[in-house]
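Input: a single structure, listed below in structure tokens.
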Amino acid sequence: QVQLVESGGGLVQAGGSLRLSCAASGGTFDNYVMGWFRQAPGKERDLVAAINWSGTSTYYTGSVKGRFTIFRDNAKNTVSLQMNSLKPDDTAAYYCAARRAVGLRLDSNDYNYWGQGTQVTVSS
């Protein structure tokens, strides 16, 4: 059983930056595809970014390309999301997720383990 704990959320002004981190325990971290999802009130939980086990393959949803960067440190069992040039539309609860299979996937149903979430609020 993998446990995921996110940190790094908060309140930031538009144009600012935040770095989210996710610490994993209880499993072999480098066996997992890792993803960051977000969910705003009244909306579905959508994939923001994902990264394969080696860090050599990544995916970003269109609205964050060029602004967000996902990276992982398998030695420390962490995955992070650097968020720059934040916009009010980025406001959401952000969730770290682990997928126990190869291949990047966009559907939340393809991920096996979830963190509790961390809130990101971007003020205009």
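- A distance of 10.0 Å separates CG in Leu81 from CG in Leu18, rounded to the nearest 0.5 Å.
- Looking only at side-chain heavy atoms (C-beta outward), Glu6 and Trp36 come within less than 4.5 Å of each other.
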Given side-chain hydrogen bond (donor to acceptor under 3.5 Å, both in side chains), test Tyr60 with Arg67 step by step and report yes or no.
CA-CA 10 Å; Tyr60 297 95; Arg67 300 189 298 122; over 6 Å; no

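- Within the 4.5 Å cutoff, the side chain of Ser17 has heavy atoms near those of the Gln82 side chain.
- In this structure the side chain of Leu47 reaches within 4.5 angstrom of the side chain of Tyr59, judged on heavy atoms.
- Shortest non-hydrogen contact noted between Arg105 and Asp110 is CB-OD2, 3.6 Å.
- No donor-acceptor pair under 3.5 Å is formed between the side chain of Tyr111 and the backbone N or O of Val33.
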Between Arg100 and Asn31, is the side chain to side chain contact (heavy atoms under 4.5 Å, CB included) condition met? List the steps.
CA-CA 7 Å; Arg100 194 181 56 238; Asn31 284 351; over 6 Å; no

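- For Trp53, there are no ring pair (Phe, Tyr, Trp, His ring centres under 6.0 Å) partners, not counting sequence neighbours.
- Side chains of Tyr113 and Gln1 form a contact here, defined as non-hydrogen atoms less than 4.5 Å apart.
- Arg99 places a side-chain N or O within 3.5 Å of a backbone atom of Val102 that can act as its donor or acceptor partner.
- To the nearest 0.5 Å, atom OG1 of residue Thr69 and atom CZ of residue Arg19 are 9.0 Å apart.
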Intermediate values then yes/no, side chain to side chain contact (heavy atoms under 4.5 Å, CB included), Tyr94 and Gln119
CA-CA 6 Å; Tyr94 283 71; Gln119 180 67 34; over 6 Å; no

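- Ring pair Tyr95/Trp114 is perpendicular by interplanar angle, where above 60° counts as perpendicular and below 30° as parallel.
- In terms of heavy-atom proximity, Ala92 sits nearest to Ala40 at CB-N, 3.9 Å.
- Without hydrogens or angle criteria, Thr118 side chain to Gly9 main chain gives a donor-acceptor distance under 3.5 Å.
- Rounding to the nearest 0.5 angstrom, the gap separating the CZ atom in Arg38 from the NZ atom in Lys43 is 9.0 Å.
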Quick one: do Leu20 and Val120 satisfy side chain to side chain contact (heavy atoms under 4.5 Å, CB included)? Show the steps, please.
CA-CA 9 Å; Leu20 306 182; Val120 172; 4.0 Å; yes

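- Residues Thr56 and Ser54 have side chains that bring a donor and an acceptor to within less than 3.5 angstrom of each other.
- Thr91 has its side chain out of reach of Asp89: every pair of non-hydrogen atoms, C-beta onward, lies at least 4.5 Å apart.
- The two residues Ser85 and Asp90 have their closest heavy-atom pair at O-OD2, 4.4 Å.
- Formation of a donor-acceptor pair under 3.5 Å by the Ser57 side chain with backbone atoms of Asn52 is not found in this model.
- A distance of 13.0 Å separates CD of Gln13 from OG1 of Thr121, quoted to the nearest 0.5 Å.
- Here the SG atom belonging to Cys96 is positioned 10.0 Å from the CZ atom belonging to Phe37, to the nearest 0.5 angstrom.
- Take Ser7 and apply the side-chain contact (heavy atoms from CB on, under 4.5 Å) test, not counting sequence neighbours, and it matches Ser21.
- In plain terms, the two heavy atoms of Val79 and Ile51 that are nearest each other are CG2-CG2, 4.1 Å.
- In this structure, the separation between CZ on Arg72 and CZ on Phe29 is 4.0 Å, given to the nearest 0.5 Å.
- Evaluation of the side-chain contact (heavy atoms from CB on, under 4.5 Å) rule for Asp46 yields Glu44 as partners, not counting sequence neighbours.
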